[in-house]
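Okay, structure first, notes after.
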4 protein chains.
Amino acid sequence: MHTFGRRGYRVASMEEIAGLAGVSKPLVYLYLNSKEELFTACVRREARALAASVRDSVDPRLPADRQLWAGLTAFFTHTAENPDGWAVLHRQARTHGEPFALEVAAMRDEMVARVASLIGAAAREAGTGRTPELAARDMTGLAQALVGAAESLAGWRHEDGTVSARDAAATLMNFAWVGLGELLRGERWTAR
Amino acid sequence: MHTFGRRGYRVASMEEIAGLAGVSKPLVYLYLNSKEELFTACVRREARALAASVRDSVDPRLPADRQLWAGLTAFFTHTAENPDGWAVLHRQARTHGEPFALEVAAMRDEMVARVASLIGAAAREAGTGRTPELAARDMTGLAQALVGAAESLAGWRHEDGTVSARDAAATLMNFAWVGLGELLRGERWTAR
Amino acid sequence: MHTFGRRGYRVASMEEIAGLAGVSKPLVYLYLNSKEELFTACVRREARALAASVRDSVDPRLPADRQLWAGLTAFFTHTAENPDGWAVLHRQARTHGEPFALEVAAMRDEMVARVASLIGAAAREAGTGRTPELAARDMTGLAQALVGAAESLAGWRHEDGTVSARDAAATLMNFAWVGLGELLRGERWTAR
Amino acid sequence: MHTFGRRGYRVASMEEIAGLAGVSKPLVYLYLNSKEELFTACVRREARALAASVRDSVDPRLPADRQLWAGLTAFFTHTAENPDGWAVLHRQARTHGEPFALEVAAMRDEMVARVASLIGAAAREAGTGRTPELAARDMTGLAQALVGAAESLAGWRHEDGTVSARDAAATLMNFAWVGLGELLRGERWTAR
DNA sequence: AATGAATGAGGCTTCATTCAT
DNA sequence: TATGAATGAAGCCTCATTCAT
């Protein structure tokens, strides 16, 4: 039913959705009781699929930067392979009312938290004792930035088309892990 | 007419828009001929206002990082002061049809280009000769990431409410300019 | 204000009418109190103009067929010179509600009556005593037929464009005065 | 749906049409997609019904005057039995926009052509060699006159109410076939 | 288990008409 | 005298949703 992704929540009519799914309208109502529930189900499914893709790609025994690299690659791969699902999550669900927005916000917050804890882990790994003051909120802020950057790059890839998932992930790793400052001084983060 | 920001393009009825504006429906049609034109006008106005805020805050004679800092601060300030306008640009316009999406995409692309050229300038400033290979597309990718991170932080601020524009800008400068790697080693970017 | 003729009663908006007349809407309402009255005035004026054209062209001292010829010629001339007026009378007024239809029906009935009395006069002129039974209603029927034929030919002229008023009148005189039967046997009615 | 005939195209609201038809508005849109299509369908149906009535009543093996007589009788009968349909064709369709007007014009033109060819046939039947100059356009003009006369008499019948279809047809046959001139000299065309 | 047929509610838009000046 | 500004009322159309089978 990813008609939603292509047409948008409001424009996609139940007529069209049912038609493209090859069934009749009342049947849709038999299984999912309203357009709202139908959309909620779509959103939830896509959210879970994306979260699972990312989660499953990450080996928690690896160092933090390698975990982040793996997660980003999975994220870019998944969004590229499921453009409609990504559109539903990123565009439609957040625009059409609280119920859907909350659904996707939960998933996103979880991702942010995961990234934040990854940053915390990295801080401990790098722990020279010089960064005790990196508070929880700072880490959340950084994680928000990183997630937003990833979302933006996903959209960019979608339009450009010539950027591979690894390219996008590398760009972001360089951006985030090395930092523009170091980057400009010639530093590079490498996958291995 | 920022009813659009709070209610969404589809849900906001002309009745409601006119009512909240204190006038009658036909009067709205007298000035702006259709719901689409009305929304386009809103989008355009908000896009220009945001672009102007950011542009006016930046002194092109400063070094690149200071320009970025100024622009980000202005961005976070403007979006916080115009939450409805920001919602129109970031949520509504990109979700409800090409005409609007193109309008806002143009503005965003311009911002991305500006950031990319800023990165290019920074590269020349830092120019140790060790970074000749930072191609145009790399810079665009980095700029996309930075802009996406800023958008994400703007949303985060909007929900959190306790983060000042300077905090958000500082978070992003640290994230982007210093890099998580350096950051975790205790480096900090400071506004001065 | 013959916008009515070209656009139709319903489609012609007061805005358009006033605009083309070079005045403002309230001014129109000052002189003629409503769209209905405005249209009634138009209809009445056109009806009178047409009736006057026809009436003035007829010399009651002539024999009946010459009177008919003169009236028809005037009719075809007037309708060709005032196509909008004719459209108002023949198309618009009869289609858009009783008030207007009655207005034009009165004029038309008067014309029919005039033609009927002309036929009566002709009967008396030709009076060989062999046609006592040509009742009033017969004459009205014949007059209705003649008037309808004239209306139809007026429309035909309007579309064709190459038929002169005299041609149309001659066609109708031949048709009516000589009769198809006689016509086909070679008879012709001539204007003199 | 001959609400159109009684109320007129513009005045008849879809609400009213659906209501009088005993169904709901959306149902009307399910079958006929817009007011315009609905009206077009009405016009076309009425046009075909009238054309069929007339055509079926005419036996092409009969002499021309008998064919005309049959056709006229059918015409007057049909229009009297379907006053709304006739109103739609003669009043509404020709007044409310090209699409409808063209539809009915096609049917009328066909009738005119048929009558014209009938006149041509009559000319050949009566052919004494004295009427070679009855050109195609003359015949079209005569046919236009005859059809207009018939339309007018149909309206007259509609108002008067006491004139039978045969009376009207007879009036017109006398008018057209015998001619007023001969008529006044006592000639009559008889149905047999 | 599945659907053709039907509708209540609501949105966009237009227009004749009137104030206030 | 003349008008810019404003609106109540109404029409066309769509869609999520439900019966009756």
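Convention: sequence-line order gives letters A, B, ...; per-chain numbering from 1.
- With D/Tyr9 as the aromatic partner, D/Lys35 meets the cation-pi criteria of under 6.0 angstrom to the ring centre and within 45 degrees of the ring axis.
- If you take CD on D/Gln92 and SG on D/Cys42, they are separated by 11.0 Å, rounding to the nearest 0.5 Å.
- The distance between atom CD of B/Glu16 and atom P of E/dG11, rounded to the nearest whole Å, is 9 Å.
- For the 3.5 Å distance criterion, the side chains of A/Ser152 and B/Arg108 qualify, holding a donor opposite an acceptor.
- When the shell of 6.0 Å around CD of A/Glu15 is examined, it contains 12 or fewer heavy atoms from other residues, nucleotides or ligands.
- Whole-Å rounding puts the B/Phe4 CZ to E/dC12 P distance at 9 Å.
- Atom-to-atom, CD1 of D/Ile17 to P of F/dG11 comes out at 11 Å; the value is rounded to the nearest Å.
- Distance, D/Glu37 CD to F/dC12 P: 15 Å, rounded to whole Å.
- The aromatic ring centres of D/His158 and D/His90 sit 6.0 Å or more apart.
- The shortest heavy-atom contact between D/Ala51 and D/Met111 is CA-CE, 4.0 Å.
- When rounded to the nearest whole Å, the span between CZ of D/Phe39 and P of F/dG11 equals 17 Å.
- Annotation: of the two residues near DNA chain F, D/Met14 and A/Tyr9, the 5′-most nearest-nucleotide partner is D/Met14.
- Here the CZ atom belonging to B/Phe4 is positioned 11.0 Å from the CZ atom belonging to B/Arg10, to the nearest 0.5 angstrom.
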Exercise for the section: Would you sketch DNA chain F in dot-bracket for me? Only Watson-Crick or G-U wobble pairs with both distances under 3.5 Å count, crossing pairs as [ ], other-strand pairs as |, the rest as dots. Expected result: .||||||||||||||||||||
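- Rounded to whole angstrom, the span from the NZ atom of A/Lys35 across to the P atom of F/dT17 amounts to 8 Å.
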Handout entry: Contact letters for nucleotides 2-9 of chain E, in which S counts primed atoms plus P, OP1 and OP2 and B counts the base, heavy atoms under 4.0 Å
Key = SBB-BBB-
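- The interatomic distance linking D/Glu36 (CD) with F/dC13 (C1') rounds to 14 Å, in whole Å.
- More than 12 heavy-atom neighbours from other residues, nucleotides or ligands sit within 6.0 angstrom of NE2 on D/His2.
- Separating the OH atom of B/Tyr29 from the P atom of F/dG8 is a distance of 16 Å, rounded to the nearest angstrom.
- A/Ala12 comes within contact range of the sugar-phosphate backbone alone, with a heavy-atom separation under 4.0 Å but no base atom that close.
- Each of F/dT17, E/dA16, E/dT13 was ranked by its minimum atom distance to the side chain of C/Ser13; first place goes to E/dA16.
- A distance of 13.0 Å separates CZ of C/Arg45 from OG1 of C/Thr40, quoted to the nearest 0.5 Å.
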